[in-house]
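Scroll down for the structure; my scribbles are underneath it.
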Amino acid sequence: MELARRKDVPEQLKWDLSLIYPTEAEMEADFAKAQKIADHLAAEYPGTLNDPARIVACLDEEEQMERILVLVGSYCSLAVEVDYYDTANQQRSDRVSTVEAQIASRLSFIESEILQADDAVLDAAIEQAVGCKHRLMDLRRRKPYQLAPETEKALAALQMTFNTPYEVYNMAKLADMQFPSFTVDGKEYPLGYSLFEDDYEYERDTAVRRAAFDAFSAKLRQYENVTASAYNALVRQEKSMADLRGYPSVFDYLLFDQKVTREMYDRQIDLITERLAPHMRRFARLLQKKYGLDEMTFADLKLSLDPDYDPRVTIPEAKDYVKKGLAVMGEDYVSMVEEAFDKRWIDFAKNQGKCTGGFCSSPYGRNSFILLSWNDRMSDVFTIAHELGHAGHFRHCNAKQSLSDTEVSTYLIEAPSTMNELLLAQYLLKTNDDPRFRRWVLSSMISNTYYHNFVTHLREAWYQREVYKLVDAGDSVNAEVLSDIFRKNLELFWGEGVKINDGAELTWMRQPHYYMGLYSYTYSAGLTVATEVARRIQREGAPAVEDWKKVLDAGSTLDPIGLAKLAGVDITTDAPLNDTIDYIGSIIDEICKLTKEIDGIEA
């Protein structure tokens with residue numbers, strides 16, 4: 001279980017960044033081209049952006065530069081994400097980020113001048129524009145919060161500095177935090193971030209699982225103050241920006257780009273906390289009885305309900321599962337899945353210094369790149385399906401829309417990904433009518449898809465909201481405050497049936513989502529829409545699939561309400577969320593019924 005160094009990982013387990021640029025020299029040449037475009041923009045357009053035609057021409061040329069910068073930035077940053085021990089890649093990425101910040105500062109005049117133009121000029125520019133139409137509409141929407149040109153220029157120049165909290169968090173977590181081994185019954189076990197999150201949290205041996213949790217938590221605690229300082233710096237920075245720009249609150253500032261209301265944000269957190277908790281507590285009781293635990297602790301919540309039935313899966317088998325599971329999306333979609341596996345879009349490797357968790361990066365003009373740590377579990381197959389949902393989304397909208405029209409609101413960004421998890425589960429349920437197999441698939445949906453998005457990330461969202469309430473009131477936070485909030489958060493959701501053991505309160509240290517604005521809650525928002533649409537696809541087939549593809553094609557040309565409406569879902573009400581919670585409850589009811597039939601165990 002010891003993790004290898006990156007250089008010792010077989011090439012077939014790594015993604016192929018040469019799909020962005022075959023060589024570093026070609027990347028550097030393209031980067032130089034982008035800087036020349038920036039030079040031309042800085043020389044050609046200052047003082048002239050009060051004419052509709054000039055505005056459109058400037059923004060179109062700027063997009064050509066941005067397309068290159070997206071590719072260069074992705075090429076450099078993705079190399080860092082798989083090996084935080086590689087200082088050469090870090091230096092290259094930092095150099096690129098520095099130049100990009102300088103470009104942003106030099107060109108900040110573009111938006112400032114456009115927003116100083118008369119409304120009639122803006123209206124005419126919007127009428128003439130094609131690729132930049134929605135960007136201009138978004139700019140006009142932001143006009144009340146625009147600062148003086150000199151201030152905007154200074155803020156753009158400081159962008160790299162504003163990213164420092166997240167960089168400190170990642171360096172502490174992925175480079176500095178070295179975990180010692182732990183011992184159970186005389187046997188020594190290695191420990192690491194991904195080893196804990198990908199292996200030990202699911203370990204069926206209770207003594208090993210709980211000892212791993214204790215050892216992992218002990219190491220986290222050594223870094224709680226520096227991690228809290230980084231997070232405090234971020235949230236205070238965000239509060240300062242909200243005040244500086246004149247937003248009523250830090251929540252309004254962070255929700256503005258998502259194009260959703262505070263009511264929609266609060267609804268996800270409050271309804272799930274209130275209505276889902278009883279269902280999940282019942283599932284936790286079932287796990288406790290299944291394993292014969294004296295008490296159910298936070299360290300036991302990731303257990304598989306039927307570990308003997310949890311099949312080990314090879315990467316070729318995963319490819320076959322995902323192709324068949326997503327076949328309902330059509331031949332083009334299946335072709336993308338094949339390409340992702342065959343052309344090394346996916347980084348399966350488990351190595352030291354690699355980013356934990358999973359993500360998909362889809363640079364405009366290229367294929368997607370998917371990161372995960374492969375553990376031969378069916379849960380990894382669901383992760384691949386999830387990330388391919390992002391890949392499929394941006395394959396569609398990148399092909400149909402301009403670069404600026406692919407900035408999809410994070411409120412719905414997780415809908416295509418979680419949709420794929422549900423489609424995979426629907427396929428698996430059709431392949432076998434054995435009760436034990438059915439229970440395994442249903443329990444995988446609960447313990448993977450819904451737990452991850454409606455529990456793990458939703459508890460993050462509840463905690464995050466409490467932090468921002470403090471910050472909005474002028475307070476700051478430290479490790480003690482953050483741990484206290486998170487412990488109360490877990491106790492509120494799990495009640496008396498789950499012991500929140502020491503170290504559980506440090507869960508706030510484990511996720512990077514807090515450094516991405518109000519992102520955590522959007523997992524449940526996206527899965528709410530995905531659940532409604534997946535069930536519609538199950539009922540209606542092709543017509544529902546075609547409506548969903550319209551959503552994927554639309555990019556950011558519609559707001560979340562408009563995108564959901566295309567798929568037949570009305571998110572202006574709480575009905576879809578309540579329906580989804582009821583659906584989760586019905587799955588848990590069936591799991592409990594099947595467990596009584598199979599094992600004679602009743603929750």
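Position 1 is the first residue of the sequence, and the numbers go up from there.
- Applying the side-chain hydrogen bond (donor to acceptor under 3.5 Å, both in side chains) test to pairs two or more places apart or on separate chains, those with a residue in residues 553-566 are H396-D553.
- Taking the salt bridge (charged side-chain N to carboxylate O under 4.0 Å, His left out) definition, one finds that R535 meets it with nothing, sequence neighbours left out.
- Side chain of T383 to backbone of S379: a donor-acceptor contact under 3.5 angstrom is found.
- The number of heavy atoms from other shown groups lying within 6.0 Å of CD (Q12) is above 12.
- Sequence neighbours left out, not one pair with a member in residues 422-435 passes salt bridge (charged side-chain N to carboxylate O under 4.0 Å, His left out).
- The side-chain contact (heavy atoms from CB on, under 4.5 Å) check on K596 picks up E602, with sequence neighbours excluded.
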Decide yes or no on salt bridge (charged side-chain N to carboxylate O under 4.0 Å, His left out) for D599 and K289, but give the supporting numbers first.
CA-CA 10 Å; D599 302 317; K289 291 186 177 182; over 6 Å; no
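- With sequence neighbours left out, P307 forms a side-chain contact (heavy atoms from CB on, under 4.5 Å) with R204, Y291, S304.
- For the ring-ring contact (aromatic ring centres under 6.0 Å, His included) test, residues two or more places apart in sequence or in another chain that qualify with H513 are H457, Y519, Y523.
- Taking a 6.0 Å sphere around OH of Y364, one finds it holds more than 12 heavy atoms contributed by other residues, nucleotides or ligands.
- With sequence neighbours left out, E274 forms a salt bridge (charged side-chain N to carboxylate O under 4.0 Å, His left out) with no residue at all.
- Ion pair K323/E338 flagged as a salt bridge, since at least one NZ, NE, NH1 or NH2 atom sits closer than 4.0 Å to an Asp/Glu carboxylate oxygen.
- Side chain to side chain, E197 and S194 fail the donor-acceptor criterion of an N or O pair below 3.5 Å.
- Residues that satisfy the ring-ring contact (aromatic ring centres under 6.0 Å, His included) test with Y75, not counting sequence neighbours, are Y21.
- E460 is linked by a salt bridge (charged side-chain N to carboxylate O under 4.0 Å, His left out) to nothing, counting only residues two or more places apart in sequence or in another chain.
- A cation-pi arrangement is absent between R344 and F369 under the rule of less than 6.0 angstrom and at most 45 degrees off the ring axis.
- Within the structure, salt bridge (charged side-chain N to carboxylate O under 4.0 Å, His left out) contacts touching residues 513-530 (residues at least two apart or in different chains) do not occur.
- A centroid separation of 6.0 Å or more is found between the aromatic rings of Y411 and Y265.
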Which pairs would a plain distance check flag for residues 326-337, meaning a side-chain donor or acceptor within less than 3.5 Å of a matching protein atom at least two apart in sequence or in another chain?
from : atom 1 : to   : atom 2 : distance (Å)
Y333 : OH     : L388 : O      : 3.4
Y333 : OH     : N420 : ND2    : 3.0

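- The CZ atom of R275 sits 9.0 Å away from the CG atom of D574 when rounded to the nearest 0.5 Å.
- To the nearest 0.5 Å, atoms CZ (F359) and CD (E387) are separated by 8.5 Å.
- Other residues, nucleotides and ligands contribute at most 12 non-hydrogen atoms within 6.0 Å of the CD atom of E127.
- Looking at R439, its side chain never comes within 3.5 Å of a backbone N or O of L305 through a donor-acceptor pair.
- Checking T273 against R459 by side-chain atom types alone, a donor-acceptor pair falls below 3.5 Å.
- Each of E66, E407, E111 was checked for a salt bridge (charged side-chain N to carboxylate O under 4.0 Å, His left out) with R135, and the lone residue meeting it is E111.
- Counting non-hydrogen atoms of other residues, nucleotides and ligands closer than 6.0 Å to NZ of K469 gives a total above 12.
- At distances below 3.5 Å, not a single donor-acceptor pair connects side-chain atoms of S447 with backbone N or O atoms of K302.
- With 3.5 Å as the limit, one finds no donor-acceptor pair spanning the side chains of S249 and Y468.
- Under 4.0 Å is where a charged nitrogen must lie from a carboxylate oxygen, and between R282 and D589 at least one such pair does.
- Using a 3.5 Å distance cut-off with no hydrogens or angles, the side chains of H134 and Q401 do not pair a donor with an acceptor.
- With hydrogens and angles disregarded, no donor-acceptor distance shorter than 3.5 Å links the side chain of E201 to the backbone of L303.
- Residues passing the ring-ring contact (aromatic ring centres under 6.0 Å, His included) test with F298: none are found, sequence neighbours excluded.
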Would you please test R438 and E590 for salt bridge (charged side-chain N to carboxylate O under 4.0 Å, His left out) and show each step?
CA-CA 10 Å; R438 183 172 181 84; E590 184 173 356; 2.5 Å; yes
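- Aromatic ring orientation, W440 versus F437: tilted (interplanar angle from 30° to 60°).
- Taking both residues in full, the closest heavy atoms of V56 and A125 are given as CG2-O, 3.6 Å, listed atom of the first, atom of the second, then distance.
- In this structure, the side chain of N375 does not engage the main chain of R377 through any donor-acceptor pair within 3.5 Å.
- Taking the charged nitrogens against the carboxylate oxygens, R142 and D257 have no contact shorter than 4.0 Å, which rules out a salt bridge.
- Salt bridge absent: D198 and K350 never bring a charged side-chain N and a carboxylate O closer than 4.0 Å.
- The OG1 atom of T356 sits 7.5 Å away from the CD atom of Q511 when rounded to the nearest 0.5 Å.
- A cation-pi arrangement is absent between R436 and Y309, since the terminal nitrogen or guanidinium carbon is not both under 6.0 Å from the aromatic centre and inside a 45° cone about the axis.
- Salt bridge status for R67 with E63: present, with a side-chain N to carboxylate O gap under 4.0 Å.
- Of the inter-residue distances, the one linking W15 atom CH2 with I346 atom CD1 reads 11.0 Å to the nearest 0.5 angstrom.
- Interatomic distance, K14 NZ to K354 NZ, rounded to the nearest 0.5 Å: 10.5 Å.
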